[in-house]
Amino acid sequence: MEPHEAATGGASLRQLMVALGTPVADLVAAPDGLDVEVNDVVILDPDDEPDSYAGDFVLIIGSRGRAAARLVKDAARRGASVVAVKVGDRDGAVADLRAAATDARVAVLAVRPEARWDQLDSLARRAVTDAKAASPLDGDDANDLFSLAQTIAALTGGSVSIEDSANRVLAYSRSDDEVDELRRLSILGREGPADYLAMLREWGVLDRLNAGDDVVHVEERPELGVRRRLAIGIRADSELLGSIWVQEGANRLTDQAEGALLGAARVAALHLVRRKTETTSGLRLQEELLHSVFENRVDAATLASHIGADPAKQAVVAVFAPHGTDQRAETDRPARELHSAAISNLVSVHAAAYRRTALTTAIGSHVYVLLPDLPTGSGDALALSLAREIVAAARKRLGRRVRAAVGSVVDQLGAVVESRHTADRVMNVMARGANDVATMADVRAEVLVSETLSLIEGNPHLRDPRVTSLIAYDLDHGSVLVPSLVAYLDLLGDVRAAARDLHIHPNTLRHRIKRAVAVSGLDLADPRQCLFAHLQLLAAANGQPADPARPG
């Protein structure tokens with residue numbers, strides 16, 4: 001048997017989903033799970049004669065949404081493993097397609113309207129071909145590093161190698177120039193030779209690479225067969241990820257060599273962070289499935305069958321986010337990605353320890369955890385315990401403060417969107433409080449006030465013109481009537497307490513309140529006017545979306 005004949009028969013639906021990705025297609029249903037095999041990709045036009053599609057991925061063109069449901073069933077009867085149909089944003093056809101898929105026992109993908117069929121066909125065929133050749137569906141990161149090494153060589157005029165933090169060679173430039181023994185042995189052995197590494201350590205080169213972001217000069221040592229070099233550490237935040245080495249050949253390095261190395265180290269950091277944090281294709285698919293469930297693009301039954309959960313049992317969602325902002329991470333993209341991946345990995349490990357079927361997905365800077373299969377009546381306590389454990393572990397293991405918001409426990413997996421929505425509402429107000437872990441019960445008043453303020457801010461017709469005029473007066477005259485009135489209303493009209501908070505005399509506050517009433521025309525003896533004026537002033541003070549009359 002030839003070596004290639006030992007390859008698998010085709011790609012699984014799981015591999016197909018990883019290859020296509022959510023920008024192209026969404027999983028509607030997979031009644032027989034994600035391990036169904038696809039042997040070929042075929043195109044079905046509604047006018048085509050019926051054919052056999054045994055084990056095929058069938059692309060139904062020329063028919064959309066509900067109209068395609070019949071063709072889905074026809075393709076399934078003729079043996080199709082997976083069917084793809086275009087579904088417009090407003091077709092409202094996903095439910096019909098899901099029903100057809102479940103009835104016909106065939107997996108169905110909903111293709112985005114803007115996706116091209118030739119693009120989908122090409123991606124799917126590549127996935128099947130790769131699977132048949134037993135080739136992993138890896139990214140192009142290694143090729144990108146070799147390309148980067150070649151670019152650095154062109155800019156510096158030297159021979160380049162890129163290494164990881166263990167001195168293993170990840171990529172190197174092609175060169176016709178003379179190379180010394182260190183470079184030759186490093187490339188042949190795919191890592192720095194032990195004798196040479198010992199010398200570099202003795203000369204202090206490795207310590208200088210570890211110490212900072214500067215370019216390190218290594219002078220020529222003819223007696224040892226070592227040519228002149230420049231080197232720089234590749235780092236994200238304070239973590240050393242690897243290094244770039246440039247060996248001088250017959251000609252001197254260019255005048256721009258040091259500047260080129262500084263820029264190249266920052267580019268290389270992104271590649272190495274992604275190599276370090278990249279999840280396997282199976283984990284990526286799980287994350288995409290959970291994300292799709294949150295957006296109502298995949299039904300809970302499909303998710304449940306994939307992770308082996310009971311869709312009829314209770315579930316809860318919790319969300320984790322960094323506490324405040326790390327200024328360096330905000331401007332250092334590799335550091336930001338490394339921090340985000342570290343939090344995501346920490347959450348995943350702890351969640352899996354609580355529930356074998358737990359799933360996590362990162363959306364922006366937030367990491368969401370789904371805990372399914374909860375025993376009735378214990379979901380709240382379990383989720384809170386997990387949240388507190390993760391927050392404590394992040395502080396101890398990562399040296400970072402993380403906040404956790406726990407959503408509502410729902411009676412079945414199909415309602416997890418509601419739990420996620422509750423968790424988001426809680427997280428939205430936690431930035432203004434002191435809690436590191438909270439549920440809706442802990443911050444309900446803050447949530448309701450915050451959402452009421454957003455409603456006022458987003459609807460100009462809900463604003464009292466008397467309050468608007470008071471805000472404008474403060475802006476025009478540089479006065480402080482608004483914060484004085486807010487403090488007064490916050491403390492339910494207790495002048496002495498409000499004056500103490502403002503660090504002014506009570507008579508000064510009384511004067512300001514009288515002035516605010518005169519300017520605005522508000523009647524503070526009317527409890528309803530007080531209530532609404534208070535809400536509108538808080539909306540302005542909260543720094544919500546711009547209102548031309550809001551104090552800046």
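In this text the structure is predicted, and so the values were computed from the model without any measurement.
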What is the minimum heavy-atom distance between [X] and [Y], and which atoms define it?
X      : Y      : result
Asn435 : Ala438 : ND2-CB, 4.1 Å
Ala405 : Ala423 : CB-O, 3.4 Å
Pro372 : Thr357 : CG-OG1, 3.3 Å
Val85  : Ser63  : CG1-O, 3.9 Å
Ala68  : Leu97  : C-CD2, 4.5 Å
Val429 : Glu446 : CG1-O, 3.8 Å

Just by distance, do the side chain of [X] and the backbone of [Y] share a donor-acceptor pair under 3.5 Å?
X      : Y      : result
Lys313 : Leu374 : no
Arg235 : Ala269 : no
Ser419 : Ser408 : yes
Arg98  : Ala29  : no
Asp523 : Ala525 : yes
Arg496 : Pro506 : no
Asn459 : Leu455 : yes
Asp442 : Thr439 : yes

Do the non-hydrogen side-chain atoms of [X] and [Y] ever get within less than 4.5 Å of each other?
X      : Y      : value
His323 : Arg400 : no
Cys530 : Leu489 : yes
Ser165 : Leu241 : no
Leu522 : Asp464 : yes

Below 3.5 Å, can you tabulate the donor-acceptor pairs from side chains in residues 384-393 to any protein atom, sequence neighbours excluded?
residue	atom	partner	partner atom	Å
Ser385	OG	Tyr354	OH	2.8
Glu389	OE1	Tyr354	OH	3.3
Glu389	OE2	His350	ND1	2.6

Within this structure, what is the [atom1]-[atom2] distance for the pair [X] and [Y], rounded to the nearest 0.5 Å?
X      : Y      : atom1 : atom2 : value
Leu509 : Ile513 : CG    : CD1   : 4.5 Å
Gln412 : Asp310 : CD    : CG    : 10.5 Å
Arg515 : Ser484 : CZ    : OG    : 13.0 Å
Asp424 : Phe294 : CG    : CZ    : 8.5 Å
Met427 : Met430 : CE    : CE    : 5.5 Å
Leu537 : Ile456 : CG    : CD1   : 10.0 Å

* What's the verdict on side chain to side chain contact (heavy atoms under 4.5 Å, CB included) for Asp490 and Asp501, showing C-alpha distance, side-chain angles and the deciding distance? -> CA-CA 11 Å; Asp490 277 346; Asp501 283 354; over 6 Å; no

* **Arg510/Asn507 under side-chain hydrogen bond (donor to acceptor under 3.5 Å, both in side chains): CA gap, chis, key distance, verdict** => CA-CA 5 Å; Arg510 291 187 181 96; Asn507 287 341; 2.8 Å; yes

* To do: May I ask you to check whether Gln314 and Ser378 show a side-chain donor-acceptor distance below 3.5 Å?
  => no

* Worked verdict on Leu485 versus Leu524 for side chain to side chain contact (heavy atoms under 4.5 Å, CB included) -> CA-CA 10 Å; Leu485 183 55; Leu524 298 185; 4.0 Å; yes

